[in-house]
Protein chains: 2
Amino acid sequence: MSGGTLAARPKSSYKPDVPRRPRATRDTYHHGDLRNALVAAAVELVEGSSPEELTLREVSRRVGVNHRAAYRHFADKTALLAAVAEDGYRELLVAMQSALGELPARAKAAERLMALAVAYVAFAVDQPARYRIMFGRRLNEDGRFNALEELVARAYELLAAELKAGQLSGQFAVTPVRELVFGFWSLAHGFASLAIVRRLKVKRALLEPWSRQVFGPFLSGLSRR
Amino acid sequence: MSGGTLAARPKSSYKPDVPRRPRATRDTYHHGDLRNALVAAAVELVEGSSPEELTLREVSRRVGVNHRAAYRHFADKTALLAAVAEDGYRELLVAMQSALGELPARAKAAERLMALAVAYVAFAVDQPARYRIMFGRRLNEDGRFNALEELVARAYELLAAELKAGQLSGQFAVTPVRELVFGFWSLAHGFASLAIVRRLKVKRALLEPWSRQVFGPFLSGLSRR
DNA sequence: ACCTGAACACCGTTCAAGT
DNA sequence: ACCTGAACACCGTTCAAGT
């Protein structure tokens, strides 16, 4: 072998069968989109373990890249977490929207909100680690990740629109919408969180009926007397 | 100075003015109750920073003891966190009980639950880091900390008793109590958590009126039609 | 019994370099 | 531009010792 600085290779390389197809300029570069590859690896890593085990170094290893390479795309670890959370909020929005989409056109306001609740809780419980990243630490403390904030605002608006519609159609009592959104979201978030930490021991198959029972009083409390 | 192994002392010792009063057997030992000193230091450390910054080494430093000494009293870091959480649950129980105690004797069931809700949320928001330790990671995963579980059960029973009483007195509709407890706790936990992460931006002074607005629909949903 | 020291395998992050 | 290597200051945890 050649002597000098090139000789030493790491003993466990973590990249089993990378074909090493020759590339135009160099072959050690990562293919096109390292940023997305890192986010995808992070999401995959965190599920089936826990948020604590998500490390920049391990994610980089999985992608087959030096851990320093990640810093090209993320200023620090928090930035990676924010990207993972952002992804999650996007999926959560989709899940809520499609839950509404599956409802019959003339579903009552309370039914629509119930469908949202069920979808929300199911999303959280099905990917608990990611959900904890989304709602655990405050990621946007220094205001760097406004995309995150924007997605949260969209979820808020979705809920607000449903509650407002229920009031306009005369099904719900007219009270300040902001507080109602907060209440609804608190209930959904609290139920999901407690289920994830197992303070509530709910079997996955019974999650939907449980959700309905838990949201029952709140939704019936909204309706006009 | 003397040569050999005793010469080297750490440069920054973190114990500024410890009097070093002579003790009977040895003077390097920690006074009586190292265990409680560590828990107290941990609680103090974690508030005003964040759960992430709670390290075994920093806590030991604060108490003025080698970090290895902590292992005499806690099998690992999780055990220390569990002790901090346990302490928190005890205080939470006291807060809830005294909230009930301050109520007039003939307060309605809904008022009693509202008082519990307000006390719960205030507790959480006033010591957010500790609250996050109590409800963040699952600490009792391997079943080592049953005292923790026992305290959670007592909080559960407190809520269950209030709900049951409301049903027996005819103020609440009779539905399964378990689901009601879960709903109430979910709402309280969710509201507290979202307030802590600032997903809900609630000023401390407005926390109580907000709590009342948020719990309003839920509690009125409990009452008989 | 209670505490310490040195060592190990991990982190995140910075600096200086390679192509 | 994009990636790497060595180094730094931290962790939690283990092993072997000190009094």
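Lettering follows sequence order; numbering is per chain, from 1. Since the structure is predicted, the reported quantities are computational estimates derived from the model, not experimental observations.
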Kindly give the atom pairs (protein nitrogen or oxygen, nucleotide nitrogen or oxygen) under 3.5 Å for nucleotides 8-10 of chain C.
none

Test item: A/Leu103 and A/Arg112 side chains (from C-beta on) under 4.5 Å apart, heavy atoms: yes

Kindly say whether B/Glu58 contributes a backbone atom to a donor-acceptor pair with the side chain of B/Thr55 at under 3.5 angstrom? yes

Interatomic spacing from CD1 in A/Ile133 to CD in A/Glu86 - rounded to 0.5 Å: 13.5 Å

Between A/Glu47 (side chain only) and A/Arg130 (backbone N and O only), is there a donor and an acceptor less than 3.5 Å apart? yes

Contacts to DNA chain D from residues 66-74 of chain B, heavy-atom cutoff under 4.0 Å, which residues? B/His67, B/Arg68, B/Tyr71

If I take atom CD in residue A/Glu53 and atom P in nucleotide D/dG12, what distance separates them, rounded to the nearest angstrom? 16 Å

B/Leu56 CG to C/dT4 P, in whole Å, measures 13 Å

Gap between atoms CG and C1', on A/Leu54 and C/dG12 respectively (whole Å): 12 Å

Straight-line distance of B/Met134 CE to B/Tyr89 OH, nearest 0.5 Å: 5.0 Å

According to a 3.5 Å limit on both distances, what stems of 3 or more consecutive Watson-Crick or G-U pairs are formed with DNA chain C? C:4-8 with D:12-16, C:12-16 with D:4-8

In whole angstrom, give the distance that lies between atom CG of A/Leu38 and atom C1' of C/dG12. 15 Å

Whole-Å distance between C/dC11 C1' and A/Leu81 CG? 14 Å

Quick check on contacts: within residues 138-148 of chain B, what sits under 4.0 Å from DNA chain C by heavy-atom distance? none

Between P of C/dG12 and CG of A/Leu80, the distance in whole Å: 10 Å

A/Arg90 atom CZ, neighbour heavy-atom count above 12 within 6.0 Å: yes

Name each donor-acceptor pair under 3.5 Å that joins a side chain in residues 147-161 of chain B to protein atoms two or more places apart or in another chain, with its distance.
from: B/Glu149; atom 1: OE1; to: B/Asn140; atom 2: ND2; distance (Å): 2.6
from: B/Glu149; atom 1: OE2; to: A/Arg199; atom 2: NH1; distance (Å): 3.1

Check whether the side chains of B/Arg137 and B/Thr78 place a donor and an acceptor atom closer than 3.5 Å, and report yes or no. yes

Partners meeting side chain to side chain contact (heavy atoms under 4.5 Å, CB included) with A/Lys77 (sequence neighbours left out): A/Leu56

Walk me through whether A/Asp33 and A/Arg35 qualify under salt bridge (Lys or Arg N to Asp or Glu O under 4.0 Å). CA-CA 5 Å; A/Asp33 195 352; A/Arg35 195 198 134 93; over 6 Å; no

